[in-house]
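Step one of this worksheet: look at the structure below.
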Amino acid sequence: MALAIGYELPVREQSSAPLPSVFARALSQSFVAFQPIVSWADRRVFGFEALVRSRAGLLSGASELVGAAESLGSLFPLGRAVRGAVARAMPGAPDGSALFVNLHPHELLDPDLASPDAPLSRVAHRVVLELTERAAVARRAELRERIDVLRRLGFRVAIDDLGAGFSSLDLLADLRPDFVKLDMSLVRRIDRDDGRCRIVGHLLRLAHDLGARAVAEGVETPGERDALLSLGAPLLQGYLFGLPGPDLSAPSW
Ligand code: G
Ligand code: MN
C-alpha cells in the first residue's frame with residue numbers, strides 16, 4: 001500500500017547500533033509471508049503475494065527492510081533472499097497457483113534476476129513480478145527492455161498499487177502488464193462511496209481493454225467484496241480472505 005497525503009509516517013524504531021549491522025541481522029532473519037489472492041466466484045485460490053518480513057525486532061516489516069536496503073545500497077541481496085525463499089516455497093504451492101513477488105525497480109538492474117539459472121527463473125511461468133514506479137532508476141526504454149528479457153524467461157508482470165500515485169497510466173501503456181493491482185485506497189469503503197465505485201468500474205474496463213487481469217487489494221469487509229464482485233472484479237486479496245502467513249494453503253471459505 002502506498003502512503004496517502006496526510007498519512008503520518010510511523011516513527012522509526014530507534015537503535016544505537018549502526019544501520020549496516022541492524023540490516024545484516026534483519027536480513028539474516030528474514031522470511032517471506034504469503035497472502036492468498038482468490039477467485040471468489042469459484043472459491044478458488046488463484047495465487048499468493050509474497051511479502052518479506054524479518055524476525056529481528058528492528059526492521060521487521062517490508063517497508064522498513066526495503067527503506068534500509070535502499071539507503072545502504074543493499075537492494076540486490078534483499079531481493080535475492082526474497083526470490084530464493086519464494087523459489088524454495090514453490091513446490092508447496094497449490095497446483096497451478098501463481099506466486100506474486102514485489103520487485104523494487106532498482107532490482108531490474110540485478111543480473112541475478114534475469115539469469116536463467118537463478119532459482120526463481122526455473123519456475124518463472126508460475127511467477128508474477130509486481131512493479132511500481134517508486135524509484136525511477138532506469139529510463140523507461142531500459143525498463144521495458146529488461147522486462148522483455150524477463151518475459152522471455154516466462155515471468156508475467158503486474159503493475160502494483162494502481163491508483164495510489166506511484167503507478168501511473170503511462171506505465172500501463174508502456175508495459176502492457178498481464179495484471180494490474182488496484183490499490184487498497186480505492187477499495188476501502190467502496191460499498192459506500194459512489195466515486196470509488198465509478199473509478200474502480202472504469203479501471204476494471206481499462207484493464208480488460210488492455211488485456212490485463214485486475215486484482216483488487218486490501219479487501220477487508222463482505223460489503224467491499226460484494227461491491228467489487230458486482231463491478232466484475234475477478235480476483236480479490238485482503239484480510240477478509242487471509243492475512244499474510246507462513247502457509248501456502250487455501251483460505252476457509
Ligand atoms: O504495496 P503492496 O500492495 O505490495 O502492499 C501490500 C501490503 O498490504 C502488505 O504489507 C500487506 O500486509 C498489506 N495488506 C494486505 N491486505 C490488506 C488488507 O486487507 N488491509 C490492509 N490495511 N492492509 C493489507
Ligand atoms: Mn504488492
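Numbering of ligands and ligand atoms starts at 1, following listing order.
Each of the following atoms of ligand 1 lies closer than 4.0 Å to a heavy atom of E220: 18 (C), 19 (O), 20 (N), 21 (C), 22 (N). Close approach of ligand 1 to E217 is summarised as follows: ligand atoms under 4.0 Å from at least one heavy atom of the residue are 3 (O). Set against the non-hydrogen atoms of Q35, the atoms of ligand 1 under 4.0 Å away are 15 (C), 16 (N). Interface atoms of ligand 1 facing D161, defined by a heavy-atom separation under 4.0 Å, are 1 (O), 2 (P), 3 (O). Near P244, meaning under 4.0 Å from one of its heavy atoms, ligand 1 places the atoms 12 (O). Counting atoms of ligand 1 from 1 in the listed order, those under 4.0 Å from a heavy atom of V219 are 19 (O). Every atom of ligand 1 is numbered from 1 in the order shown, and the set under 4.0 Å from a heavy atom of G238 is 16 (N), 19 (O).
To the nearest 0.5 Å, the span separating NE2 on H104 from CD on E70 amounts to 3.5 Å. Here OG1 of T132 is found 10.5 Å from CG of D183. Values are rounded to the nearest 0.5 Å. Here the CG-OG distance, from L153 to S115, works out to 8.0 Å after rounding to the nearest 0.5 Å.
Of the heavy atoms in N102, only side-chain atoms (C-beta onward) come closer than 4.0 Å to ligand 1. Proximity of K181 to ligand 1, defined as any heavy-atom pair under 4.0 Å, is not found for any part of the residue. When non-hydrogen atoms are compared, ligand 1 lies under 4.0 Å from neither the backbone nor the side chain of L243.
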Side chain to side chain contact (heavy atoms under 4.5 Å, CB included) evaluation trace for R122 with D117: CA-CA 7 Å; R122 297 165 199 249; D117 300 323; 4.1 Å; yes
Run L240 and T221 through side chain to side chain contact (heavy atoms under 4.5 Å, CB included) and show every step you take. CA-CA 6 Å; L240 181 66; T221 68; 5.8 Å; no
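Protein atoms that are N, O or S and lie under 2.8 Å from the Mn ion (ligand 2) are these: E49 OE2, N102 OD1, E130 OE1, D160 OD2.
Ion pair D194/R198 flagged as a salt bridge, since at least one NZ, NE, NH1 or NH2 atom sits closer than 4.0 Å to an Asp/Glu carboxylate oxygen.
For residues 221-246, the set of pairs meeting the salt bridge (Lys or Arg N to Asp or Glu O under 4.0 Å) definition, not counting sequence neighbours, comprises R188-E224. Pairs engaging residues 196-249 under the ring-ring contact (aromatic ring centres under 6.0 Å, His included) rule: W40-F241 [sequence neighbours left out].
Note on ligand 1: E49 sits in its first shell, one or more heavy atoms being nearer than 4.0 Å. Remark: distances from the non-hydrogen atoms of A62 to ligand 1 are all 4.0 Å or more. Ligand 1 is approached by R53 to a heavy-atom distance shorter than 4.0 Å.
Take L210 and apply the side chain to side chain contact (heavy atoms under 4.5 Å, CB included) test, not counting sequence neighbours, and it matches L172, R176, L206.
No option in R213, R156, R151 other than R151 meets the salt bridge (Lys or Arg N to Asp or Glu O under 4.0 Å) test with D178. Residue R83 is tested with L78, D110, V127 for a side chain to side chain contact (heavy atoms under 4.5 Å, CB included); the sole match is D110.
The environment of CZ in R144 is crowded: more than 12 heavy-atom neighbours from other residues, nucleotides or ligands sit within 6.0 Å.
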